[in-house]
Amino acid sequence: MRLSQYFLPTLKENPAEAKIASHRLMLRAGLVRQTGSGLYIWLPLGLRVLKKIENIVREEQDRSGAQEILMPTIQNADLWKESGRYEAYGKEMLRITDRHGKEMLYGPTNEEMITDLFRNNVQSYKDLPKNLYHIQWKFRDEVRPRYGVMRGREFLMKDNYSFDIDKEAAKISYDKMFVAYLKTFARLGLVAIPVRADTGAIGGELSHEFQILAAEGESTIYYDKAIESFDLKSLAEDISPDIIQKLQSIYAVEEEKHDADNCPVAKENLRIAKGVEAGHIFNFGTKYSEVMNAKVSGSDGSMIAVEMGSYGIGVSRLVGAIIEASNDENGIIWPEAAAPYKVGLINLGAKNEECTEACDALYKKMQAAGIEVLYDDRKAGAGQKFATMDLIGVPYQIILGPRGLKNNSAEFKIRKTGEKTEINLDEIVSKFI
RNA sequence: CGGGGAGUGGCGCAGCCUGGUAGCGCAUCUGUUUUGGGAACAGAGGGUCGCAGGUUCGAAUCCUGUCUCCCCGACCA
């Protein structure tokens, strides 16, 4: 993409309303614009990041055996009346009425809808287990939206729902998701601590939150430092049942649940950190299958209410969370997996014909090689280009000016470390493949 | 939902107390000079001061109402 053509409204100054780094940077780097309290427009650059994250989430879901579907954002109130949550959910749920006077709602989650789908289409234990997910916009009418997309009212969430014949099978489904989550966050370059959680409004016995460590996180968590020995950032591949067992038994709780006097972890081994809740998994047994009559025939012919679990990842929140965990005074530092572009190409001699030709040629070559490159071809000052590229945080920069061109070389800069090295123009493409 | 604050060109703000027909910085446009870390000079465009009433000869400014947004706290992917 040529920057001169791109819709990328960046800000030099800090917007007054943005309190924390990620919110500030998302506005400054032209990722989003606010259009109402807790409502954001995703601009081209931000949308690319959102889709990158969405895809990683999707790949790990698929890999775990879950199957993607897509449910609507608008739901009938009837199903929620059946489960009893229409009254229970309160004002957080946006209620609307259609032209026929029918009560509807903008879905904050989909347990009812999917339970209905399941009971209408699955009759036998032979069809279990099943795990279905979708990635869809949700709306929760937060009393006080804040922190940009980290706490918006409309947000993109991956949520899935598992159906099993008994508790043992349900635990297997739960652990599969536990592993999928560890892998997902690891691929995004994040340290996510699995924290034992309350099951809250959704109900149930077993639940973990995945907290991403970030200085300005909303939750305070207490955990055994033993968890650090797991190198959570590189848990990309094989995760044995043994590791799952250990991770789930290590002490990690939210502030409210932490009791200093009865803590099983010695003081010197206890870590206190701020986190952003990026995912939450629940096993809630037969809570919905009982009231909504989601039953299948067992092997003995009896009707059995299915064991269910639900699992969420805040996809749009992750955009903010990643920035929160990875930025400096110059801007965002994208981990490669979530970066909107892999390389930023800066033409320092935009008014120099020779240099521009060389940059254009390099740009075409990189594109042809399938490298995601953002090309700053603007006729602007060098400082401005450096500042923009640092702000939007692409992982690598190629800086080419008339000076380097004489030696057929450019500067290769790593955004994260600031490290710069000379690179021969002919070696650039191979560097990124 | 309790407490606080703010709405004035695209962004950040001043002006309001003490009414007199709107200003600064950044950004934008044109021209010239610049050109390796957000350049300089000259000129230009852009605002019914959130909205609705009221007071007044006259309201961004005073009064009443209303809407929106933000911040702190209690709750949530």
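Reminder, nothing fancy here: chain letters follow the sequence lines and each chain counts from 1. Here the structure is a predicted model, which is why all the values come from computation and not from measurement.
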**Q** Which of the following nucleotides, B:G36, B:A77, B:C75, is nearest to the side chain of A:Arg146?
**A** B:C75

**Q** Any cation-pi pair here, A:Arg378 with A:Tyr6, using under 6.0 Å and within 45°?
**A** no

**Q** Could A:Lys365 and A:Glu427 be called an ion pair, given the rule that one side-chain N must be under 4.0 Å from one carboxylate O?
**A** no

**Q** May I ask you to check whether A:Tyr161 and A:Tyr133 place their ring centers less than 6.0 Å from one another?
**A** no

**Q** Before accepting this row, confirm whether a basic side-chain N of the pair A:Arg63/A:Glu59 lies closer than 4.0 Å to the acidic partner's carboxylate O.
**A** no

**Q** Using the P atom as the point on both nucleotides, what is the distance between B:G2 and B:A59, in whole Å?
**A** 36 Å

**Q** Quick one: do A:Asp377 and A:Lys385 make a salt bridge, cutoff under 4.0 Å?
**A** no

**Q** Hey, is A:Glu111 close enough to A:Lys287 for a salt bridge, meaning N to O under 4.0 Å?
**A** no

**Q** Does B:C62 pair with anything, Watson-Crick or G-U wobble, both distances under 3.5 Å, and if so, with which nucleotide?
**A** B:G54

**Q** Rounded off to whole Å, could you give me the CD-to-P distance for the A:Glu411 and B:G36 pair?
**A** 13 Å

**Q** Can you sort out which residues in residues 348-360 of chain A have a heavy atom within less than 4.0 Å of RNA chain B? Ascending by number, please.
**A** A:Leu348, A:Lys351

**Q** For the side chain of A:Arg317, starting at C-beta, report the closest nucleotide among B:G37, B:A77, B:C71.
**A** B:A77

**Q** To the nearest Å, give me how far apart CD (A:Glu142) and C1' (B:A74) are.
**A** 12 Å

**Q** Give a yes/no verdict on base stacking between B:G38 and A:Phe386: centres under 5.5 Å, planes within less than 30° of parallel.
**A** no

**Q** Contact class for A:Lys379 vs. all strands (heavy atom < 4.0 Å): base, sugar-phosphate, or nothing?
**A** nothing

**Q** Would you say the side chain of A:Lys413 and the base of B:G37 hold a donor-acceptor pair, judged only by whether the two atoms sit under 3.5 Å apart?
**A** yes

**Q** Just checking A:Arg153: base, sugar-phosphate only, or nothing, at a heavy-atom cut-off of under 4.0 Å?
**A** nothing

**Q** Do NZ/NE/NH1/NH2 and the carboxylate oxygens of A:Asp175 and A:Lys171 come within less than 4.0 Å?
**A** yes

**Q** Could you please name the partner base of B:U32, counting Watson-Crick and G-U wobble pairs only when both distances are under 3.5 Å?
**A** B:A40

**Q** Does A:Phe412 have A:Lys431 sitting over its ring (NZ/CZ under 6.0 Å from centre, angle to axis within 45°)?
**A** yes

**Q** Considering every strand and a 4.0 Å limit on heavy-atom distances, what is the contact class for A:Gly381: base, sugar-phosphate, or nothing?
**A** nothing

**Q** Of all the nucleotides listed (B:C13, B:C76, B:C70), which has the minimum atom distance to the side chain of A:Arg140?
**A** B:C76

**Q** Taking any strand in view, what nucleotide pairs with B:G46 in a Watson-Crick or G-U wobble way, both distances under 3.5 Å?
**A** none

**Q** For the pair A:Arg415 and A:Asp328, find out whether any cationic side-chain nitrogen is under 4.0 Å from an anionic carboxylate oxygen.
**A** yes

**Q** Give one of base, sugar-phosphate or nothing for A:Ala278, where a contact means two heavy atoms less than 4.0 Å apart.
**A** sugar-phosphate

**Q** Please report, rounded to the nearest Å, how far the C1' atom of B:C71 is from the CD atom of A:Glu216.
**A** 14 Å

**Q** What nucleic acid atoms does A:Ala387 come within less than 4.0 Å of, heavy atoms only: base, sugar-phosphate, or nothing?
**A** base

**Q** Please measure how far the C1' atom in B:C69 lies from the corresponding atom in B:G31, and state the result in whole Å.
**A** 41 Å

**Q** Less than 6.0 angstrom separating the ring centers of A:His280 and A:Phe210, yes or no?
**A** no

**Q** Within this structure, what is the CD-to-C1' distance between A:Glu54 and B:A77, rounded to whole angstrom?
**A** 15 Å

**Q** Applying the side chain to side chain contact (heavy atoms under 4.5 Å, CB included) test to A:Met389, which of A:Val394, A:Asn330, A:Leu345 qualifies?
**A** A:Val394

**Q** In whole Å, what is the span from the CD1 atom of A:Ile399 to the C1' atom of B:G37?
**A** 10 Å

**Q** In this structure, how many angstroms lie between the C1' atom of B:A77 and the CG atom of A:Leu50, rounded?
**A** 13 Å

**Q** Does A:Arg151 or A:Lys19 map to a spot on RNA chain B nearer the 5' end, using the closest nucleotide for each?
**A** A:Lys19

**Q** A:Asp159 near the nucleic acid: base, sugar-phosphate alone, or nothing, with a heavy-atom cut-off under 4.0 Å?
**A** nothing

**Q** With no angle test and no hydrogens, is the base of B:G37 tied to the side chain of A:Asp390 by a donor-acceptor pair under 3.5 Å?
**A** yes

**Q** Between B:G58 and B:A44, how far is it from one C1' atom to the other, in whole Å?
**A** 32 Å

**Q** Using heavy-atom distances to pick each residue's nearest nucleotide on RNA chain B, tell me which of A:Met157 and A:Tyr147 is more 5'.
**A** A:Tyr147

**Q** With both distances under 3.5 Å as the test, what is the Watson-Crick or G-U wobble partner of B:G12?
**A** B:C24

**Q** Could you tell me how far B:C26 sits from B:G20 if I compare only their C1' atoms? Round to whole Å.
**A** 31 Å

**Q** Between C1' on B:G36 and CG on A:Leu400, what's the gap in Å once rounded to a whole number?
**A** 12 Å

**Q** Which base, if any, makes a Watson-Crick or G-U wobble pair with B:G2, both distances under 3.5 Å?
**A** B:C72

**Q** Expressed as a whole number of Å, how far does the C1' atom of B:A52 sit from that of B:U68?
**A** 15 Å

**Q** Expressed in angstrom and rounded to an integer, what is the separation of A:Ile135 atom CD1 from B:A77 atom P?
**A** 18 Å

**Q** So, under a plain 3.5 Å distance rule, would you say the side chain of A:Arg28 forms a donor-acceptor pair with the base of B:G12?
**A** no

**Q** Name the closest nucleotide to the A:Phe282 side chain, picking from B:G37, B:A77, B:G36.
**A** B:A77

**Q** Look at the side chain of A:Arg144 and decide which nucleotide, out of B:C70, B:A77, B:C72, has an atom nearest to it.
**A** B:C72

**Q** Which is true for A:Gly90 with a 4.0 Å heavy-atom rule: it touches a base, it touches only sugar-phosphate, or it touches nothing?
**A** nothing

**Q** Please state the P separation for the pair B:A6 and B:G12 - nearest whole angstrom.
**A** 15 Å

**Q** Could you tell me whether A:Glu336 and A:Lys342 make a salt bridge, using a distance below 4.0 angstrom between a side-chain N and a carboxylate O?
**A** yes

**Q** Polar-atom pairs under 3.5 Å, protein N or O versus N or O of nucleotides 22-26 of chain B: list them with distances, or write none.
**A**
from	atom 1	to	atom 2	distance (Å)
B:G25	N2	A:Glu13	OE1	3.0

**Q** So, are A:Lys138 and A:Asp159 salt-bridged, with charged N and O less than 4.0 Å apart?
**A** yes

**Q** Would A:Arg153 pass as a cation-pi partner of A:Phe139, given that its NZ or CZ must be under 6.0 Å from the six-membered ring centre and within 45 degrees of the axis?
**A** no

**Q** Does B:G38 have OP1 or OP2 sitting under 4.0 Å from an N or O in the side chain of A:Thr388?
**A** no

**Q** Heavy atoms from C-beta onward define the side chain here; which of B:G37, B:A74, B:C75 lies closest to that of A:Glu218?
**A** B:C75

**Q** Taking the C1' atom in each of B:U35 and B:G50, what is the distance between them to the nearest angstrom?
**A** 43 Å

**Q** Could you work out the separation of B:A60 and B:U55 based on their P atoms and round it to a whole Å?
**A** 16 Å

**Q** For B:C17, which nucleotide in any strand shown is its Watson-Crick or wobble partner with both distances under 3.5 Å?
**A** none

**Q** How is A:Gln34 classified with respect to the nucleic acid when contacts are heavy atoms under 4.0 Å: base, sugar-phosphate, or nothing?
**A** sugar-phosphate

